[in-house]
**Student:** 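After the structure tokens below, expect a handful of questions from me.
Keep in mind that the numbers below use all heavy atoms, side chains included, and drop hydrogens, waters and symmetry copies.
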Amino acid sequence: MATTHKIGITTIVLLVSFFSTSVFGQKNTIYRFKADGYYGWSLSDNGNCYGGELGMELPLFGNRNWEYTYNFPTLGFATGYLKINEPEFMHHAIHAYPYFHWAIVHTNRFALNLKWGGGLAGIINQEGYRYDYFPITGFACGGLNMDFALGTKFGNPLSQWIINIGADVMAYFNGNVTLDAQNCYLANLKLGLKYTPNVWPLPIDYPAKPVDRCMALEIYGTAGANQLERKQDYYINAAINAGLYLPLSNAYRIGLAADCFFNDAYDGTQRTINTRYNFIKENRMYNRIRAGVALANEITTHRVNVGLHVGIYCFSKIKFPKYDENGEKYENRIENILYTKAVTRFYFTPKFFGIIELKTHLLKVECLQMGLGWAMPDFGKRVKNPFERISFKKEDKEELRID
């Protein structure tokens, strides 16, 4: 468990570093502070929750043309706390995560934002008055929120204050490869306040240039860990992906991707602790490997892409029978053929990116994985050189340029 804590803390530090680099790398940076209060309900049990969140946001207000192109999106980083009365295995939770706002509507007075984010969380299980354990888990958050500015003119002190109203769905998980290692899903309503200390530069006011719609080839690798039973050993999981993506608009692209998955939890030796996998009788490598093809749908910006991939397994030896050995019916046999992934990419450069993906079978989370990837953003695009047949030795290329 100590190793898990170290990995979790290191990951949070890296996420904060990447976010800080993006914030302070902006020229004439506009930054914003926020505080939100939450009240919600558990979607897994009949419980409720309440808490709060503090964060910092970077509204992208026109330092670059692409920010106008994508309707002024926002990057953010937040930490929060929730008090939860159900389920029993978690009563207190803290989380830290970067997130992204894509403005569906954006005016000086009002903004409607689609939110997506993911990071890490810690869960405290309270038995009586004793805190039993504090595991590091994955955390994902998505929702809609509305920003109402108190003023419409830049320079007016009221315009620096924003009232935020919204709704989020939050997920805490360590990899739901078994029913016992279940995850916690929460739906929350939130009310908050945002303050912008500075309001310069003003948004640019000229038409955005269209994005060059070239097919991209992207390849990445990810890794993570999950459990069969809470408080038991972690199992390694990993994946390799290659895909072709075609932009259909400035903010959306579609793609076709091939996936290869490895999960050591399907090793055929865990039948004594979990009857769900009693149909795996042998410890074979092919039990651990799955492969499939997926249709990718992604919202795109200059540096952040978020999307949903829906795939079909082409190779999988894991086939859930209709009934288990106790005669109980399996509820999630769709896992035999279908998988989904919630994917977030951050592009450090046009060709190098980091990625976080949450693999699920409908609402049953299998694992959270993080990794790195490489992109060829102009795959298929070829610019002809008018002098490609000329052998330049002592000739001056500038004398041959075409104006």
**Student:** Which pairs would a plain distance check flag for residues 306-314, meaning a side-chain donor or acceptor within less than 3.5 Å of a matching protein atom at least two apart in sequence or in another chain?
**Tutor:**
| residue | atom | partner | partner atom | Å |
| --- | --- | --- | --- | --- |
| His309 | NE2 | Glu298 | OE2 | 2.9 |
| Tyr313 | OH | Arg290 | NH1 | 3.0 |
| Tyr313 | OH | Lys359 | NZ | 3.0 |
| Tyr313 | OH | His361 | NE2 | 2.8 |

**Student:** Of the non-hydrogen atoms in Ile289 and Cys260, which two are nearest, and what is the gap between them?
**Tutor:**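 Answer, listing the atom of Ile289 first, then Cys260: CG2-SG, 4.3 Å.
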**Student:** Heavy atoms, side chains only, cut-off 4.5 Å: are Met170 and Cys141 in contact?
**Tutor:**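 Touching, per the 4.5 Å side-chain cut-off.
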**Student:** Calculate, to the nearest 0.5 Å, the distance between atoms CG and CE belonging to Leu58 and Met56 respectively.
**Tutor:**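 One finds 7.5 Å between CG of Leu58 and CE of Met56.
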**Student:** Partners of Tyr286 by ring pair (Phe, Tyr, Trp, His ring centres under 6.0 Å), sequence neighbours excluded?
**Tutor:**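 For Tyr286 there are no ring pair (Phe, Tyr, Trp, His ring centres under 6.0 Å) partners, ignoring immediate neighbours.
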**Student:** Considering non-hydrogen atoms only, spot the tightest contact between Asn188 and Cys49 and give its length.
**Tutor:**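 Distance-wise, the nearest heavy atoms are OD1-SG, 3.2 Å.
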**Student:** To the nearest 0.5 Å, how far apart are CG in Leu217 and CH2 in Trp374?
**Tutor:**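 Reported value, rounded in 0.5 Å steps: 6.0 Å.
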**Student:** Can you name the nearest heavy-atom pair linking Ala35 to Leu54, along with the distance?
**Tutor:**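 Result for this residue pair: CB-CD2, 3.7 Å.
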**Student:** In Å and rounded to the nearest 0.5 Å, what is the CG to CG distance from Asn263 to Asn287?
**Tutor:**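 Answer for the CG-CG pair, Asn263 versus Asn287, is 11.5 Å.
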**Student:** For Phe352 and Leu372, run side chain to side chain contact (heavy atoms under 4.5 Å, CB included): C-alpha distance rounded to whole Å, both residues' side-chain angles, the deciding distance at 0.1 Å, then the answer.
**Tutor:** CA-CA 8 Å; Phe352 180 62; Leu372 299 172; 4.0 Å; yes
**Student:** Can Phe72 and Leu60 be said to form a side chain to side chain contact (heavy atoms under 4.5 Å, CB included), step by step?
**Tutor:** CA-CA 5 Å; Phe72 303 116; Leu60 304 179; 5.9 Å; no
**Student:** Under 6.0 Å between ring centres, would you say that holds for Phe348 and Phe353?
**Tutor:**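 They do not qualify: ring centres at least 6.0 Å apart.
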**Student:** What do the steps show when you test Phe110 against Phe148 for ring-ring contact (aromatic ring centres under 6.0 Å, His included), and what is the final call?
**Tutor:** CA-CA 5 Å; Phe110 173 76; Phe148 297 90; 5.2 Å; yes
**Student:** Measure the shortest side-chain to side-chain distance between Asn336 and Ser316 over non-hydrogen atoms and say whether it is less than 4.5 angstrom.
**Tutor:**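 No. Closest side-chain heavy atoms not under 4.5 Å.
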**Student:** Mind listing the closest non-hydrogen atom pair of Gly143 and Asp168 along with its distance?
**Tutor:**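 Reported closest heavy-atom pair: CA-OD1, 3.8 Å.
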**Student:** Counting C-beta onward and ignoring hydrogens, is there a side-chain heavy-atom pair between Phe261 and Tyr339 closer than 4.5 Å?
**Tutor:**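 A side-chain contact under 4.5 Å exists here.
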**Student:** Tell me the closest heavy-atom pair linking Pro98 and Gly118, and the distance in Å.
**Tutor:**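 Minimum heavy-atom separation between Pro98 and Gly118: CD-O, 3.2 Å.
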**Student:** Using the ring pair (Phe, Tyr, Trp, His ring centres under 6.0 Å) criterion, which residues pair with Trp41? Sequence neighbours excluded.
**Tutor:**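 Ring pair (Phe, Tyr, Trp, His ring centres under 6.0 Å) list for Trp41, sorted by chain: Tyr39.
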**Student:** In Å, rounded to the nearest 0.5 Å, how long is the span from CD1 of Ile165 to CG of Leu144?
**Tutor:**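 Between Ile165 CD1 and Leu144 CG, I get 13.0 Å after rounding to 0.5 Å.
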**Student:** Do Tyr220 and Glu357 have side-chain N/O donor and acceptor atoms under 3.5 Å apart?
**Tutor:**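 Side chains of Tyr220 and Glu357: pair found under 3.5 Å.
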**Student:** Which residues satisfy the ring pair (Phe, Tyr, Trp, His ring centres under 6.0 Å) test with Tyr252, sequence neighbours excluded?
**Tutor:**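 Expected list: none.
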**Student:** What heavy-atom pair brings Pro247 and Arg253 nearest, and what distance separates the two atoms?
**Tutor:**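 So the two residues come closest at CA-CB, 3.6 Å.
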**Student:** Output all residues satisfying ring pair (Phe, Tyr, Trp, His ring centres under 6.0 Å) with Tyr38, sequence neighbours left out; order by chain, then residue number.
**Tutor:**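 By the ring pair (Phe, Tyr, Trp, His ring centres under 6.0 Å) rule, Tyr38 matches no residue at all.
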**Student:** Using the ring of Tyr245 (Phe, Tyr or Trp, six-membered ring only), decide whether Arg345 places NZ or CZ under 6.0 Å from its centre and within 45 degrees of its axis.
**Tutor:**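 So Arg345 does make the cation-pi contact.
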**Student:** OG1 of Thr222 to CG of Asn241: how many Å apart, nearest 0.5 Å?
**Tutor:**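 Thr222 atom OG1 to Asn241 atom CG measures 8.0 Å (nearest 0.5 Å).
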**Student:** Decide ring-ring contact (aromatic ring centres under 6.0 Å, His included) for Phe33 and Tyr195; before the verdict, give the C-alpha distance in whole Å, the side-chain angles of both, and the deciding distance to 0.1 Å.
**Tutor:** CA-CA 5 Å; Phe33 300 105; Tyr195 174 68; 7.5 Å; no
**Student:** Give a yes or no on this: more than 12 heavy atoms of other residues, nucleotides or ligands lie within 6.0 Å of atom CD1 of Ile240.
**Tutor:**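 No, the 6.0 Å shell around CD1 holds no more than 12 heavy atoms from other groups.
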**Student:** Under 3.5 Å, is there a donor-acceptor pair between the side chain of Gln369 and the main chain of Gly224?
**Tutor:**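 No: the side chain of Gln369 does not pair with the backbone of Gly224.
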**Student:** Are Asp259 and Lys341 packed together at the side-chain level, in the sense that at least one heavy-atom pair is separated by less than 4.5 angstrom?
**Tutor:**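 Asp259 reaches Lys341 side chain to side chain.
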**Student:** Determine whether Tyr50 and Leu82 make a side-chain contact, defined as any pair of heavy atoms from C-beta on separated by less than 4.5 Å.
**Tutor:**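 Of all side-chain heavy-atom pairs linking Leu82 with Tyr50, none is under 4.5 Å.
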**Student:** Can a side-chain donor-acceptor contact be found between Asn113 and Asp147 if the only test is distance below 3.5 angstrom?
**Tutor:**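 Checked: Asp147/Asn113 side chains pair up, N/O donor to acceptor below 3.5 Å.
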**Student:** Arg109: which residues meet the salt bridge (charged side-chain N to carboxylate O under 4.0 Å, His left out) condition with it, sequence neighbours left out?
**Tutor:**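 Here no residue qualifies.
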**Student:** Starting at CD of Glu53, measure out to CG of Asp36 and round the result to the nearest 0.5 Å.
**Tutor:**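 Here the interatomic distance stands at 6.0 Å.
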**Student:** For the residue pair Ile163 and Leu191, establish whether any side-chain heavy-atom pair is separated by less than 4.5 Å.
**Tutor:**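 In short, these two side chains touch, coming nearer than 4.5 Å.
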**Student:** Do Met370 and Leu120 have side chains that approach each other closer than 4.5 Å (heavy atoms only, starting at C-beta)?
**Tutor:**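 They are in contact (side-chain heavy atoms under 4.5 Å apart), so the answer is yes.
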**Student:** Over 60° means perpendicular and under 30° means parallel, so tell me whether Tyr81 and His92 are parallel, tilted or perpendicular.
**Tutor:**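 Aromatic pair Tyr81/His92 classed parallel.
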**Student:** Take Thr344 and Asn305 through the test side chain to side chain contact (heavy atoms under 4.5 Å, CB included) and record every step on the way to the result.
**Tutor:** CA-CA 6 Å; Thr344 301; Asn305 285 11; over 6 Å; no
**Student:** Do Ile162 and Leu150 come within less than 4.5 Å of each other through their side chains, counting heavy atoms only?
**Tutor:**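 They are not in contact (no side-chain heavy atoms under 4.5 Å apart), so the answer is no.
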**Student:** Could you walk me through whether Thr79 and His95 pass side chain to side chain contact (heavy atoms under 4.5 Å, CB included), step by step?
**Tutor:** CA-CA 6 Å; Thr79 59; His95 55 260; 6.0 Å; no
